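Being a predicted model, the structure only gives us computed values, none of them experimental. Chain naming here is simple, since letters A, B, ... match the order of the sequence lines and numbering starts at 1 in each.
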Amino acid sequence: MNEKLLKPYNPKETEERIYKLWEDSGFFNPNKTLDPKATPFTLIMPPTNANGSLHAGHGLVMTIEDIMVRYKRMRGFKTLWLPGLDHAGFETQVVYEKKLEKEGRTRFGMDPKELYKEILDFTLTNSKNIKSQIKKMGASCDWSREKFTLDDDVIKTVHQTFKRMYNDNLIYRGNKIVSWCPKHQTSFSDLEIKDEERIDSLYYLKYGPFTIATSRPETKFGDKYVVMHPEDARYKNYTEGQKIKLEWINGPIEATVLKDEAIDMEFGTGVMTITPWHDTADFEIAERHKIEKEQVIDENGKLLPIAGEFTGEHIKKARPLIIEKLQKKGLVEKIDENYKHVVRTCYKCGTLIEPQIKSQWFIKMKPLAEKALEKINSGEIVYIPEHYKKITVHWLSNIMDWNISRQIVWGIPIPAKICAKCGHGMADLGNTIKKCDKCSGEVIQDKDTFDTWFSSGQWPFVTLGYPDSPDFKTFYPTDVMETAGEIIFFWVSRMIMLGLYITGKVPFKTVYLHGLVLDAKGLKMSKSKGNVIDPLVLTEKYGTDAFRMGMVVGNTPGTSLALAEDRIRGYKNFANKIWNVTRFVLDNTKDADNFDPKNYDEEDAKSEEELSSLMKEITKEMDEFKFYIVAEKLYHYFWHTFADIIIERSKKKILENKNADSAKILIYRHLNILLKALHPFMPFVTEEIWSMMPNKNKSLLLIATWPNQND
RNA sequence: GCGCGAUUAGCUCAGUUGGUUAGAGCAUCUCAUUUACACUGAGAGGGUCGCAGGUUCGAAUCCUGCAUCGCGCACCA
C-alpha cells in the first residue's frame, strides 16, 4: 500500500502536482479527446477582471463551471472550457486611478498613451497572478485557447461589428442627454447608475406670477420656459407662447409659457421651469417643443458664465449662496427640508450624476431586443433559475438606446471620425476617411473608447474565432453560460442580442446564474466593511476540494451563499474521511480482484443495488444542473452509508471470514464508483487516490467514464 | 408607483409533478475510546413551514389577500 495513506490527507503536497499531471496530459483541450466524433460541450468562462486578485465570487464560478465541465468530460463529450481575461475598461481604470491617487498622481493631464501603457503593464502583471489562482481552484480549462479582451483579433472583430452596425443603421452618433460622472469625467449607459434615496430640501420659488418647486436651484439660471399641464384649470388663462416679464436670480428676464402633458398637476403647484441640458425629463419637453437648450454646469460640476456672479463656483458651494440671494430678493416662498426623493449616483464613487448633453455613439436597441425576445420566449434559451427569464423579458421590452462611448483611455478605441464642423460621426476602420461625408468639413479621430460591455457582449463568438475558425463551426452556439445574476443585463442579455445579430444564432442554450457570495453573517463583502474573504486563504487552510464542496453544497442557483468557514472545515474532514476509507479498503482487498459481484451475499447485493440507483438519481440531477443536491447526497452516502454501515459491516465479515469475498468486492467497487462520482466536486483528492488504486487501466480519473450504469 | 424574489430547527439552507412521522450541514446535549479515521463512532433534543382566508379526501407545496425583508425598473420639478 502507498505510504502516503498512512498519514492524513495533505492537500498542499498534492494539489499542484496533480494539476500539473492534468495539464501535461493534454486532456483539458478538446482536441485530445477519447472519441473525436463525440458531441461537443462548450462553456465559455466569464472573462476574469484583470485588475486585482480572485475573490470569493470567482471561487464560486470556478467551482460550478469546473463541476459542469468535468462531469461532461467524464460523460464522453468533446468538452471545451475556454478561459479568458477582461481588461474591464472603466472598472480597471477606476482601480488604477486609486493607485495613482495614493502615489499623489492623477490621470488628468497625463499623456493618454503613457497612461494606457501603465494600465496595460498593471493588467498584465495581474493576469499572471490571476491565472495561477484559477489553476489553484482546479479549473480544468483549455489554456491553449485563452483569450484577452484586448487581443488583436478580438479588437478586429469588435471593430467590424461596430462598422456593420453602423452600416445597418443600428449605431448612430447622437447629441443626447447622457449620465455624466463629474469625478470620473466620463459618460455612462443607464446601467452604470445607482439610484439612491435621499432627504433634501425642496425650495418653493416665486417665478413671476407662479410658484415653482425645485430641489436644484443652482440649475435654474437659464430657465426661460415655464410649463404647465394643458388641462390644468388653474392656469387656463395662460396660453402657449405667452411672454411674461419677471424678476429672476440675476435680474429681470422674459419667460415663455409652455403646455405639456408630462406635467403632474398633483405635484407642488403644477408649474415648473425647465433645464433641458441637465435633466432628462426637461430635455424631452424641450425636444417636443423644439426650443433651445443651454448648458449651465460644466463637466467638473462648476457653474458657467450664465450664472453671473456665481460663475466658476462648484454647485455644492453655490447652492446655499444662491438661496441666500433669492431670499434677499424675496423670491423664496418656503423651504420644505424633509423632501424625500431619489437621486442618481455613479455606481463606483457615489458622486451625484450630472446629466449633460453630449455627442456620443448610441446603439438602437429596440430591433436587437425584439429578436432576442423572440428566441427567449420560444424557449431557445433556458434560464436557471427560471425567474431570470421574466426579469430579462421585462428589461428587453422597455429597453433604452445604449451609449457605448466612454471618455477613458483604457479600452478598445472607437474606430470613427467626427466632423469638426457639423459633428457628424463616421465609422472608419482603415483610417481612410479624410472629409465629412455630409458637409465635407475637416474630420478628427474619435478619442473615446468602447464601453467594455460592448466588447464582452461579443465574447462567445469572438473567442471561438468567428467567422472562419473551425472552432466556431464546432463549438458555437455554446451550451451553457454560467455567470453572476448581477450582470444579467450588463452582459448576458447583451450577448444574446449581439450574438444573434452577428451570427444569427443564440450564443448559448442555457443560462445558469449564481447568486452573490456573502460573508458568514449574510452581509455583502466589501473592503470598507473589512469582511472580504479571500478564497485562496481558505484553500490554503482547508484544501481546494474542501473549499469547492463548501461552495456548492446547498447552494441553489440564483440564491446568495453565506460563506462560513465552519462549512469548509467540515469538508476538509470529509476529504480525510475518503482518504482513511481508502486506507482501509486497499488494506483489505488485495486479493479480491477475481470475485464476481454476482456472488454477493444478500445484504451486499442490496447495497450494490442501492448505490447503482443512487448513481442513476444523481446523473439525472447533474443533467438538471442540481449540483448542490448531488454534492450533498454523495457526501451523505459516502460517509453515513458507505463508511458507517457498509465498512463497519465488512470488518466483521473479513475478520470472521464469513462471506469475506462478498464484503471485499463490495467495498472495493464502492470506492471505485464513488471516486468517479466525487471527482467533479473534489478533483484533487479523488485523483490522488485514483493513482493509488490497483487498476488495470492506469489512465487519469479526469477522463474516466462517469459511473451512471453498471460499472 | 410597477415588477421580481424571499419568509421552513439556534444559524445557513434543501424540500422535484400536492401524498405516510417536514429533511441536511453547522451548533447544542448525552454516551462511547487498543483503532481505517478524534479531521471518530452511537444516540438525543429542537419546527403550530410569516399571517389570514380559499381549493382539496389531503397543502410547506396550488389560489387570493396582508405583513416583513431584499432586489430590480421607472419616476415629480
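Looking at heavy-atom distances under 4.0 Å, A:Ala281 makes contact with sugar-phosphate atoms alone, never a base. Looking at heavy-atom distances under 4.0 Å, A:Asp282 makes no contact with the nucleic acid at all. At a threshold of 4.0 angstrom between heavy atoms, the contacts of A:Met265 with the nucleic acid are absent. Within 4.0 Å (heavy atoms only), A:Thr273 reaches no atom of the nucleic acid at all.
Shown here are the side-chain contact (heavy atoms from CB on, under 4.5 Å) partners of A:Ala318, two or more places apart in sequence or in another chain: A:Leu303, A:Glu313, A:Ile322. Among residues two or more places apart in sequence or in another chain, the salt bridge (charged side-chain N to carboxylate O under 4.0 Å, His left out) test is passed with A:Arg344 by none.
A distance of about 16 Å separates the P atoms of B:rA27 and B:rA42, rounded to the whole Å.
In terms of phosphate contacts, A:Ser650 brings no side-chain nitrogen or oxygen within less than 4.0 Å of OP1 or OP2 of B:rA36.
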For residues 634-645 of chain A, tabulate all N or O donor-acceptor pairs below 3.5 Å that involve a side-chain atom, not counting sequence neighbours.
residue  : atom : partner  : partner atom : Å
A:Tyr637 : OH   : A:His670 : NE2          : 2.7
A:His640 : ND1  : A:Asp644 : OD2          : 3.0

Which pairs of donor and acceptor atoms, one on a side chain in residues 549-563 of chain A, lie under 3.5 Å apart (sequence neighbours left out)?
residue  : atom : partner  : partner atom : Å
A:Asn555 : ND2  : A:Met551 : O            : 3.3
A:Thr556 : OG1  : A:Thr559 : OG1          : 2.9
A:Thr559 : OG1  : A:Thr556 : O            : 3.4

Result block: side-chain N/O donor-acceptor pairs under 3.5 angstrom for residues 381-397 of chain A, not counting sequence neighbours:
residue  : atom : partner  : partner atom : Å
A:Thr392 : OG1  : A:Tyr388 : O            : 2.7
A:Ser397 : OG   : A:Val393 : O            : 2.5

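Scanning residues 187-208 of chain A for heavy-atom distances under 4.0 Å to RNA chain B yields an empty list. Residues from residues 214-230 of chain A with heavy atoms under 4.0 angstrom of RNA chain B, sorted by number: A:Thr214, A:Ser215. Against RNA chain B, the stretch residues 573-581 of chain A makes heavy-atom approaches under 4.0 Å through A:Asn573, A:Asn576, A:Lys577, A:Asn580, A:Val581.
The side-chain hydrogen bond (donor to acceptor under 3.5 Å, both in side chains) pairs that include a residue from residues 201-213 of chain A are A:Thr211-A:Glu333, where partners are two or more places apart or lie in different chains.
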Taking N or O atoms only and anything under 3.5 Å, show me the protein contacts with nucleotides 2-5 of chain B, one pair per line.
residue : atom : partner  : partner atom : Å
B:rG5   : OP1  : A:Lys390 : NZ           : 3.0

What pairs of nitrogen or oxygen atoms, one from the protein and one from nucleotides 19-26 of chain B, lie under 3.5 Å apart?
residue : atom : partner  : partner atom : Å
B:rA24  : O2'  : A:Glu632 : OE2          : 3.2
B:rC26  : O2'  : A:Asp566 : OD2          : 3.3

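Using a 4.0 Å cut-off between charged side-chain N and carboxylate O, A:Lys293 and A:Asp282 make no salt bridge.
A straight line from CD of A:Glu624 to C1' of B:rA14 spans 15 Å, rounded to a whole angstrom. The nearest whole Å value for the distance from the NZ atom in A:Lys620 to the C1' atom in B:rU17 is 10 Å. Atom P of nucleotide B:rG1 and atom CD of A:Glu266 are separated by 15 Å, given to the nearest angstrom. The distance from atom CG of A:Leu6 to atom P of B:rA36 is 13 Å, rounded to the nearest whole Å. With rounding to whole Å, A:Lys651 atom NZ is found 11 Å from B:rA42 atom P.
With distances taken from any side-chain atom of A:Phe584 to the nucleotides B:rC76, B:rA36, B:rG41, the minimum falls on B:rA36.
Mapping A:Val342 and A:Tyr628 onto RNA chain B by nearest heavy atom places A:Tyr628 closer to the 5' end of the strand.
The base of B:rA42 does not come close enough to the side chain of A:Glu648 for any donor and acceptor atom to sit less than 3.5 Å apart.
With a cut-off of 3.5 Å on both pairing distances, the Watson-Crick and G-U wobble pairs of RNA chain B assemble into stems of 3 or more at B:1-7 with B:67-73, B:10-13 with B:23-26, B:28-32 with B:40-44, B:50-54 with B:62-66.
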